[in-house]
Amino acid sequence: MASVRVRFAPSPTGYLHVGGARTALFNWLYARKHGGVFILRIEDTDLQRSSDAMVQGILDGIHWLGLDPGEGPLFQSSFLEEHRAAAQRLIDEGKAYYDFTPKLETDDRTVKEKMVDRLKAQAQTGKEPNPYRDIPAEEARARVESGEPAAIRLKVPSSGVSRFEDMVYGPQERDYSDIEDLVLIRSDGHPLYNLSVVVDDIQMRITDVIRGQDHLTNTHKQVLLYQALGARVPRFAHLPLIFAPGREKLSKRKHGEVVSVTTYRDRGFLPDALVNFLALLGWSPGGDLEIMSRNELIEKFSLEQVNKSAAVFNFNESDARDWTDPKALWMNGEYIKSTPLDQLSPMVSGFLKEAGLWRPEYEAERSEWFGRTVDLLRARYRTLADFAELGRPYFTDDFPCDPAAVKKNLKDDRLKQLLPELASRLESLAEFTHESAEAALRSLADEQGIKAGLLINAARTALTGQSVGPGMFEIMVALEQTRTVDRLRRAVHLL
RNA sequence: GCCGCUAUAGUGUAAGUGGUUAACACGCCGCCCUCUCAAGGCGGAGAGUACGGGUUCGAGCCCCGUUAGCGGUACCA
């Protein structure tokens, strides 16, 4: 068997959405697993909607996910002549014919209804074969040469059964009588999808076609084309679709940016985390294992373990906190916790720069502090963006104060005296450490006969504006003596 | 209309060739951690496997039917 060659063939619709990303990933994993080649082909034959910017959107997504192709990007539009030549060959061999039926005008919204109406009517009257299917070749050629517009259709056998084996869905059968003579070339000379994919896949020597389940039934048409063109039929594997919440089809139009992979990049996902999450949508290694590195995914991946039923991707744009699938966020958090600090820190600094919180000394004389602080914060963050938002008080004095936190922790009147006193005691410490700060605070609490918790929680809000966060003395060490003291004094204004 | 695909807790998945009280993760709820938490630890609720038949000593796994969802059926991709 020839070595594996697979392709991901998106149309350039502006950005890569999670469904496409999952398809790309499975192709990539399969290629890696079998030592094959992963090829990217842009299906830009829908000329009206293709632009460089749209192509770039796809490329950005693929690249960020780390799924760079071994070959490509190739552009389908550059093979138009091959597509036409293939159709011409089928005409010459009598496997296709010219159809002079005038093109009927359809607009996108009503195609489906019109088609159903037509088919219903046809069910009553019975199907009639295309009147041009068997007209003499000479006559057809003469009409074409005289300039009469004609589409080219494939001659589909009138009886018999089409069969192929799908690596995910198993054996597939379809009666030829259920397949109409498909149009290969439009009457304006434009090649159609089914012809283009097959010609390209043959030319690129694709061995395994791995794509969305929406192509499953049309595969029979393509098999017919492979056979007509005398080419070897590749293996097919169709992947279950990914649905939006409510089990509806994922659509860029309706769901917008939440389904674009660049959104995940921009909102602080690690590519490895998204890859890991996507891999589990429609596939599992068989047991309880969920967190897997790329190499583990490659090692464990197999099409036999791919599911047949569609998976729901549970995003929710209106929820500020759980804006996307909670499990994806959880998994990203796991990656934030476990990624080696020297790899994580540069990703964090990217987000700080974006928020205007970055200082060059963080990678110079303050790099040790920076690493420690990132390490402290990451335990409870789920996205890289959290470092610039929730983590803001650690990088600037200009941070927001949560009113609920103030109400909860700074409402006690005694704090008006206690906080400045705490500030003074911390200021006088010769060595400012977790231990010395804690000792100072606790002795103050003892002397005043109050619980240390009162001071600790008040200090947390005074220092960070929040009611949640790391251990109090760890926060102090991260903020260091001067900023700790200043913020405790300033907090009196909040009381 | 016709053809096809699918169906396990809210979500993602387990449960090789039918065999103990259907498992795990996320989410949810509670408790603990008494310095908080959206962190961590522990525990709990939640499906009887879409529904109805059948085969079998025994079915989530096999068969038939129904329903629902989805896909295809285009001179869309």
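Only this structure's heavy atoms are used, side chains among them; waters, hydrogens and symmetry mates stay out. Letters A, B, ... are given to chains in the order of the sequence lines, protein chains preceding strands, and every chain is numbered from 1.
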* Give a yes/no on whether any side-chain N or O of A/N218 is located under 4.0 angstrom from OP1 or OP2 of B/rU73. => yes

* Should the ring pair A/F269 and A/W323 be called parallel, tilted or perpendicular, given that the plane angle runs from 0 to 90° and is split at 30 and 60? -> perpendicular

* For atom P, what is the distance between B/rA39 and B/rA47, given to the nearest Å? -> 26 Å

* Which value, in whole Å, describes the distance between the C1' atoms of nucleotides B/rG12 and B/rC28? -> 16 Å

* Counting only side-chain N and O atoms of A/H434, is one of them less than 4.0 Å from OP1 or OP2 of B/rC35? -> no

* Check every strand shown and say whether A/Y169 touches a base, only sugar-phosphate, or nothing at a heavy-atom separation below 4.0 Å. => sugar-phosphate

* To do: State whether A/R153 places a side-chain N or O below 4.0 Å from either non-bridging phosphate oxygen (OP1 or OP2) of B/rC75.
  => yes

* Hey, does the side-chain of A/K112 have a donor or acceptor N/O within less than 3.5 Å of a partner on the base of B/rU73? -> yes

* Do you know the tightest heavy-atom contact between A/F100 and A/A140? -> CZ-O, 3.6 Å

* **Integer-rounded Å distance: B/rG71 C1' and A/K308 NZ** => 16 Å

* **A/F277 and A/Y335 aromatic centres sub-6.0 Å** => no

* Where do A/F26 and A/F8 land on the ring pair (Phe, Tyr, Trp, His ring centres under 6.0 Å) test, with the steps shown first? -> CA-CA 9 Å; A/F26 282 22; A/F8 173 54; over 10 Å; no

* **Residue pair A/F387 / A/L377: nearest heavy atoms and the distance that separates them** => CE2-CB, 3.9 Å

* Tell me which nucleotide among B/rA77, B/rC5, B/rU11 gets nearest to the side chain of A/N194. => B/rA77

* Asked: Counting only distance, no hydrogens or angles, is the base of B/rC37 paired donor-acceptor with the side chain of A/R380 under 3.5 Å?
  -> yes

* Taking atom P in both B/rU13 and B/rA50, what distance in whole Å separates the two? -> 16 Å

* Step-by-step salt bridge (charged side-chain N to carboxylate O under 4.0 Å, His left out) determination, A/D402 to A/K408 -> CA-CA 10 Å; A/D402 173 16; A/K408 182 180 173 200; over 6 Å; no

* To do: Respond yes when some side-chain nitrogen or oxygen of A/N457 is under 4.0 Å from OP1 or OP2 of B/rC37, and no when none is.
  => no

* For A/Y381 and for A/L241, locate the closest nucleotide of RNA chain B by heavy-atom distance; then report the residue assigned to the nucleotide nearer the 5' terminus. => A/Y381

* To do: Sticking with atom P, work out how far B/rG58 lies from B/rU66, rounded to a whole angstrom.
  => 26 Å

* From the list B/rC3, B/rC35, B/rC24, which nucleotide is the closest neighbour of the side chain of A/F473? -> B/rC35

* OP1 or OP2 of B/rU13 sitting under 4.0 Å from any side-chain N/O of A/K327? -> no

* Return the value, rounded to whole Å, for the distance between atom CG of A/D178 and atom C1' of B/rG72. => 11 Å

* Asked: Of all the nucleotides listed (B/rG71, B/rC26, B/rA77), which has the minimum atom distance to the side chain of A/K249?
  -> B/rG71

* Check every atom of B/rG4, B/rC35, B/rC75 against the side chain of A/K103 and return the nucleotide holding the closest atom. => B/rC75

* Asked: Base, sugar-phosphate alone, or nothing: which one does A/H215 contact when heavy atoms must sit under 4.0 Å apart?
  -> base

* Counting side-chain heavy atoms from C-beta on, which of B/rU73, B/rA14, B/rC35 comes nearest to A/N307? -> B/rA14

* Is A/D201 salt-bridged to A/R41, cutoff N-O under 4.0 Å? -> yes

* Which atom pair, heavy atoms only, marks the closest approach of A/E317 to A/H255? -> OE1-O, 3.6 Å

* Write down the distance separating the P atoms in B/rG16 and B/rA59, rounded off to the nearest Å. => 16 Å

* Between A/Q213 and A/F243, just flag the one whose closest nucleotide in RNA chain B comes earlier from the 5' side. => A/Q213

* Asked: A/D446 CG to B/rC35 P: how many Å, rounded?
  -> 12 Å

* B/rG18 versus B/rC42 - spacing of their P atoms, nearest Å -> 37 Å

* Asked: In whole Å, what separates the P atom of B/rU8 from that of B/rG48?
  -> 12 Å

* Asked: Could you give the NZ-to-P distance, from A/K114 to B/rU73, as a whole number of Å?
  -> 17 Å

* Asked: Does the side chain of A/S284 get closer than 4.0 angstrom to OP1 or OP2 of B/rA14 through an N or O atom?
  -> yes

* Asked: Using Watson-Crick and G-U wobble pairs whose two distances are both under 3.5 Å, how do you write the pairing of RNA chain B as dot-bracket, with | for links to another strand?
  -> (((((((..((((.....[...)))).(((((.......))))).....(((((..]....))))))))))))....

* Structure fact -> Closest to the side chain of A/K337, out of B/rG71, B/rG40, B/rC24, is B/rG40

* Asked: Can you find an N or O donor on one side and an acceptor on the other, under 3.5 Å apart, linking the side chain of A/S187 with the base of B/rC75?
  -> yes

* To do: With the side chain counted from C-beta on, respond yes when A/F395 and A/T373 share a heavy-atom pair under 4.5 Å apart, and no when they do not.
  => yes

* To do: Nearest whole angstrom, please: distance from the P of B/rU34 to the CG of A/L455.
  => 17 Å

* **Face-to-face stacking of A/H220 with B/rG72, centres under 5.5 angstrom, angle under 30°** => no

* Just checking A/G333: base, sugar-phosphate only, or nothing, at a heavy-atom cut-off of under 4.0 Å? -> nothing

* Using atom OH of A/Y98 as one end and atom P of B/rC75 as the other, report the distance to the nearest whole Å. => 18 Å

* Asked: Please give, in whole Å, the distance from B/rC2 P to A/L119 CG?
  -> 10 Å

* Asked: Is there a donor on the side chain of A/R321 or the base of B/rA38 sitting less than 3.5 Å from an acceptor on the other?
  -> yes

* With a 3.5 Å cut-off and no angle check, do the side chains of A/T45 and A/H83 form a donor-acceptor pair? -> no

* Would you mind reading off the distance between A/L329 atom CG and B/rU11 atom C1', rounded to a whole angstrom? => 13 Å

